[in-house]
Amino acid sequence: MGLIVDDDNDGEVLIPPPNFSMVEDGIYRSGFPQLENFGFLSTLNLRSIIYLCPEPYPEDNLKSLHSNNIKLFQFGIEGKTDPPTPMPKDTVLNALRVLVDVRNHPILIHCKRGKHRTGCLVGCLRKVQNWCLSSVLEEYQKCAGLKWRQRDLRFIEDFEVLRLKQCLYSIIYQYNGYGLKRRKLLYQEENVVQEQQKPQATKG
């Protein structure tokens with residue numbers, strides 16, 4: 001994605017982060033955002049960011065998140081290739097729990113380049129969405145480009161989503177048919193609030 005001119009803000013040039021793309025309605029992915037990218041990110045009305053690197057988030061970036069009321073979820077996954085570091089299943093599972101909770105949407109997922117760690121998390125999300133495996137792996141390879149990793153493909157293929165689905169059932173949010181039902185939890189919360197706000201009958 002190239003430069004975007006914002007006609008509603010005096011023609012300001014908006015610069016997306018590297019490797020930016022939409023995963024689903026309300027879910028985005030990219031490489032590490034720089035300060036020059038936050039003007040673009042502000043147009044997404046983000047609630048949350050999932051950060052998949054172990055390094056501390058830059059202070060200037062944290063200030064920008066704070067000023068825009070964006071919550072940061074950090075899951076420190078090493079990206080070393082020599083020697084290669086295996087993807088930690090429990091960490092990915094915890095990141096998925098945040099990712100599928102619509103209360104955190106709109107949400108951006110990123111690591112350093114937005115390719116491998118981010119690609120593995122998105123691949124696991126696709127499995128939760130019941131994508132066929134060939135399509136899941138094809139999407140990973142397309143986004144990773146020439147530097148796709150065989151071990152990442154094996155991780156996605158072997159990742160067991162049953163534990164996550166059990167977690168979703170526990171919060172009354174069955175992740176099936178994502179596009180139409182993704183706000184099920186949100187709607188239920190709104191109904192609870194509405195019930196609480198109804199005037200109570202008083203005894204005469």
Side-chain angles (χ1 to χ4, degrees), residues 1-79 81 87 91-92 95-96 98-129 131 135-149 152-153 155-156 178-179 182:
M1 180 178 289
L3 303 181
I4 298 174
V5 177
D6 185 2
D7 294 330
D8 296 329
N9 196 14
D10 297 328
E12 178 187 0
V13 176
L14 303 178
I15 307 173
N19 297 320
F20 176 84
S21 64
M22 176 185 284
V23 178
E24 286 282 344
D25 181 25
I27 301 179
Y28 307 91
R29 61 180 290 172
S30 75
F32 202 107
Q34 304 300 317
L35 288 179
E36 64 185 14
N37 305 130
F38 276 87
F40 171 83
L41 293 179
S42 68
T43 66
L44 305 178
N45 298 313
L46 295 175
R47 286 186 179 178
S48 313
I49 286 179
I50 290 179
Y51 172 47
L52 299 174
C53 300
E55 295 80 14
Y57 219 58
E59 189 65 31
D60 288 341
N61 287 33
L62 285 174
K63 291 179 181 178
S64 182
L65 297 188
H66 180 73
S67 64
N68 288 283
N69 295 314
I70 299 173
K71 188 171 183 178
L72 178 68
F73 296 91
Q74 181 171 2
F75 300 93
I77 299 175
E78 293 287 349
T81 57
M87 291 289 292
T91 304
V92 172
L96 271 175
V98 172
L99 179 58
V100 300
D101 191 335
V102 297
R103 293 171 294 184
N104 298 320
H105 295 181
I107 190 167
L108 173 71
I109 313 160
H110 79 81
C111 49
K112 186 176 181 180
R113 303 294 182 189
K115 295 182 176 181
H116 304 110
R117 286 167 282 192
T118 297
C120 285
L121 181 59
V122 172
C124 293
L125 170 68
R126 298 307 194 193
K127 292 187 70 174
V128 175
Q129 294 176 294
W131 276 34
S135 296
V136 174
L137 302 182
E138 180 182 352
E139 181 184 43
Y140 166 86
Q141 289 178 299
K142 179 180 178 181
C143 292
L146 297 176
K147 294 187 177 181
W148 63 272
R149 297 171 181 170
D152 288 347
L153 297 181
F155 174 82
I156 294 170
Y178 179 83
R182 75 183 198 85

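Nothing fancy with the numbering, it's 1 onward along the sequence.
In this structure, N104 contributes its side chain and V98 its backbone to a donor-acceptor pair below 3.5 Å. Side-chain atoms of E139 do not come within 3.5 Å of backbone N or O of G119 as any donor-acceptor pair. Between the Q34 side chain and the P17 main chain, no donor and acceptor come within less than 3.5 Å of each other. A side-chain donor-acceptor contact under 3.5 Å links N37 to the backbone of P16.
F40 places none of its side-chain heavy atoms less than 4.5 Å from the side chain of I15. The side-chain heavy atoms of R117 and C53, taken from C-beta on, include a pair separated by under 4.5 Å.
Residue E55 places its CD atom among more than 12 non-hydrogen atoms of other residues, nucleotides or ligands, all under 6.0 Å distant.
Taking L46 as the reference, Y28, L41, L44, I49, I70, P106, L108 meet the side-chain contact (heavy atoms from CB on, under 4.5 Å) condition, with sequence neighbours excluded. Residues forming a ring-ring contact (aromatic ring centres under 6.0 Å, His included) with F155 (at least two apart in sequence, or on another chain): F159. When the ring-ring contact (aromatic ring centres under 6.0 Å, His included) test is applied to Y51, the partners found at least two apart in sequence or on another chain are F32, Y57, H110. Listed by chain and number, the residues in a salt bridge (Lys or Arg N to Asp or Glu O under 4.0 Å) with R113 amount to none (sequence neighbours excluded). Partners of D152 according to the side chain to side chain donor-acceptor pair (under 3.5 Å) rule, which considers only residues two or more places apart in sequence or in another chain, are Y140.
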Residues I156, R126; criterion side-chain contact (heavy atoms from CB on, under 4.5 Å); working and verdict
CA-CA 10 Å; I156 294 170; R126 298 307 194 193; over 6 Å; no

Assess whether side-chain contact (heavy atoms from CB on, under 4.5 Å) is satisfied between I109 and L125, documenting all intermediate values.
CA-CA 12 Å; I109 313 160; L125 170 68; 5.7 Å; no

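Here the closest non-hydrogen pair linking M87 and C120 is CE-CB, 3.6 Å. Residues Q129 and E24 come closest through the heavy atom pair NE2-OE2, 3.0 Å.
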Only distances under 3.5 Å count here; give the side-chain donor-acceptor pairs of residues 59-68 to other protein atoms, sequence neighbours excluded, each with its distance to 0.1 Å.
| residue | atom | partner | partner atom | Å |
| --- | --- | --- | --- | --- |
| N61 | ND2 | P33 | O | 3.1 |
| S67 | OG | K63 | O | 3.3 |
| S67 | OG | S64 | O | 2.8 |
| N68 | ND2 | S64 | O | 2.8 |

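In this structure, the separation between SG on C111 and CD1 on I50 is 12.0 Å, given to the nearest 0.5 Å. Note that CD1 of I77 and OG1 of T91 are 5.5 Å apart. Values are rounded to the nearest 0.5 Å. Note that NE2 of H105 is 9.5 Å distant from CZ of R47, once rounded to the nearest 0.5 Å. In this structure, SG in C143 is found 11.0 Å from NE2 in H116, a value given to the nearest 0.5 Å. Distance check: L137 CG to K127 NZ gives 8.5 Å after rounding to the nearest 0.5 Å. To the nearest 0.5 Å, atom CG of residue D101 and atom CD1 of residue I107 are 8.5 Å apart.
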